[in-house]
2 protein chains.
Amino acid sequence: MTSTLEDHHPAARLRAVMESAATDDGTLPPLDGELLRAMALPDDLPETLGIAEVAELTGITAHTLRYYERIGLVTVDRDAAGRRAYDRAALGRVMFVTWLRLSGMPIASVGRYVELALEGPHTSDRRLAMLLEHREAVVAHLRELQTALAVVDYKITTYGGSCAG
Amino acid sequence: MTSTLEDHHPAARLRAVMESAATDDGTLPPLDGELLRAMALPDDLPETLGIAEVAELTGITAHTLRYYERIGLVTVDRDAAGRRAYDRAALGRVMFVTWLRLSGMPIASVGRYVELALEGPHTSDRRLAMLLEHREAVVAHLRELQTALAVVDYKITTYGGSCAG
DNA sequence: GGGTGGCTTCGAGTGCGCTCGAAGTCCTAG
DNA sequence: CTAGGACTTCGAGCGCACTCGAAGCCACCC
């Protein structure tokens with residue numbers, strides 16, 4: 001199964017989105033609606049994708065995709081031959097899970113979130129609460145990272161000074 | 001050894017610095033010279049600190065501080081009774097190591113950096129190179145986190161919409 | 001029909017970064 | 001003098017998130 005995907009679609013969409021946010025210096029561009037639109041999947045995807053294609057599209061290894069399914073983070077149908085066939089919904093869930101993971105949410109929490117989602121729409125306020133709480137954690141982590149970056153930058157600019165570190 | 005530190009010095013300086021950068025909404029304040037000055041140690045520290053005081057000051061557990069010493073990330077003198085006595089230099093190194101760790105540098109890399117520092121001033125360009133390279137990694141991570149935050153925010157604002165995740 | 005390559009399942013292994021517990025030492029307070 | 005508590009060393013254990021390998025199935029190509 002060589003990648004017809006590669007011909008018709010930008011590969012590794014998630015990574016592409018991240019790179020699209022890149023600037024040369026250390027400054028961080030604002031993230032706006034444009035970026036979010038860029039994250040949408042192309043319309044002309046095949047009905048279902050094999051695991052290798054999903055791996056390429058998301059940057060997650062096939063091994064890890066199987067692992068995610070095993071522990072219940074995603075549910076994936078099989079084709080006649082017993083192979084995983086990711087439809088758009090499954091792909092969307094994989095990508096969302098991936099973003100949650102990239103944002104630092106522990107696997108156990110992602111699992112609880114998915115569990116709630118599977119229970120039905122009546123859990124939506126609990127899920128929303130989880131996301132809001134998680135958002136705070138992400139913001140805190142961002143702040144921490146920015147501060148640490150400032151310290152590293154300070155060290156870089158004062159290099160040649162003290163050898164304290 | 002109850003904390004005389006607590007009376008005379010702001011506790012958990014590292015955490016205090018991070019909290020000083022906090023804002024109520026999700027926006028991130030600029031990190032400027034003011035913040036960097038705030039990170040400096042107070043002048044009226046005792047000559048040496050015990051491990052519990054360093055733990056309180058840095059937010060690193062005593063267990064972890066011992067572990068860091070074991071694996072060579074810091075070197076600490078002993079007092080007459082064989083206890084760790086952190087002088088200003090040692091404390092500075094602990095804090096710098098902590099910032100490197102918080103910025104996501106793996107322990108092995110911190111170890112290599114410290115090794116180079118111990119070799120002498122002639123390794124300063126290699127250390128600078130390490131810091132510059134690490135800086136790129138931190139910036140990349142920041143971008144990734146910001147993008148993931150945008151996705152989470154998107155999900156939050158569109159809640160009640162699709163149940164794709 | 002035989003080989004190649006990608007998929008399947010399952011369970012076990014890996015790497016990182018702590019984290020803990022046991023057993024002993026030393027100082028201080030009562 | 002004795003009890004308590006904070007410290008010491010050492011080695012082992014843990015939690016997380018993968019990551020890998022073995023053994024087998026299935027489709028396609030020569």
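To find a chain, count down the sequence lines: A is the first, B the second, and so on, and within it residues start at 1.
Between A/I107 and A/A80, the residue anchored nearer the 5' end of DNA chain D, judged by the nucleotide with its closest heavy atom, is A/I107. Between B/H63 and B/G104, the one whose closest nucleotide on DNA chain C sits nearer the 5' end is B/G104.
Atom CD of A/E56 is separated from atom C1' of C/dG6 by 15 Å (rounded to the nearest Å). Put simply, CD1 on B/I60 is 13 Å from P on C/dG17, counting in whole angstrom units. Rounding to whole angstrom units, OH of residue B/Y68 and C1' of C/dC16 are separated by 11 Å. Protein atom CZ of A/R83 is 10 Å distant from nucleotide atom P of D/dC26, rounded to whole Å. To the nearest angstrom, P of D/dC18 lies 16 Å from CD of A/E69. Protein atom CG of A/L100 is 13 Å distant from nucleotide atom P of D/dA17, rounded to whole Å. Put simply, OH on B/Y86 is 11 Å from P on D/dC7, counting in whole angstrom units. Summarising the geometry, the separation between CG on A/L65 and C1' on C/dT8 is reported as 14 Å, rounded to the nearest angstrom.
Not a single donor-acceptor pair, N or O on each side, falls under 3.5 Å between the base of D/dT9 and the side chain of B/R78.
Between A/R66 and the phosphate of C/dT8, there is a side-chain N or O to OP1/OP2 separation shorter than 4.0 Å. For D/dT8, the OP1/OP2 oxygens have a side-chain nitrogen or oxygen of B/R84 closer than 4.0 Å. Using a 4.0 Å cut-off, no side-chain N or O of A/R70 falls inside it from OP1 or OP2 of D/dC18. Side-chain N/O atoms of A/Y67 include none lying less than 4.0 angstrom from OP1 or OP2 on D/dC20.
Judged by distance alone, the side chain of A/T58 and the main-chain N or O of A/V54 form a donor-acceptor pair under 3.5 Å.
Of the N and O atoms on the side chains of B/H134 and B/S109, not one donor lies less than 3.5 Å from an acceptor on the other residue.
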Q: Mind running salt bridge (charged side-chain N to carboxylate O under 4.0 Å, His left out) on B/D153 and A/R135 for me, showing each step along the way?
A: CA-CA 8 Å; B/D153 278 347; A/R135 181 183 198 285; 2.5 Å; yes
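For the side-chain contact (heavy atoms from CB on, under 4.5 Å) with A/L100, the qualifying choice from A/M130, A/M105, A/M95 is A/M105, the only one to do so.
A heavy-atom distance below 4.5 Å is found between the side chains of B/I156 and B/V152.
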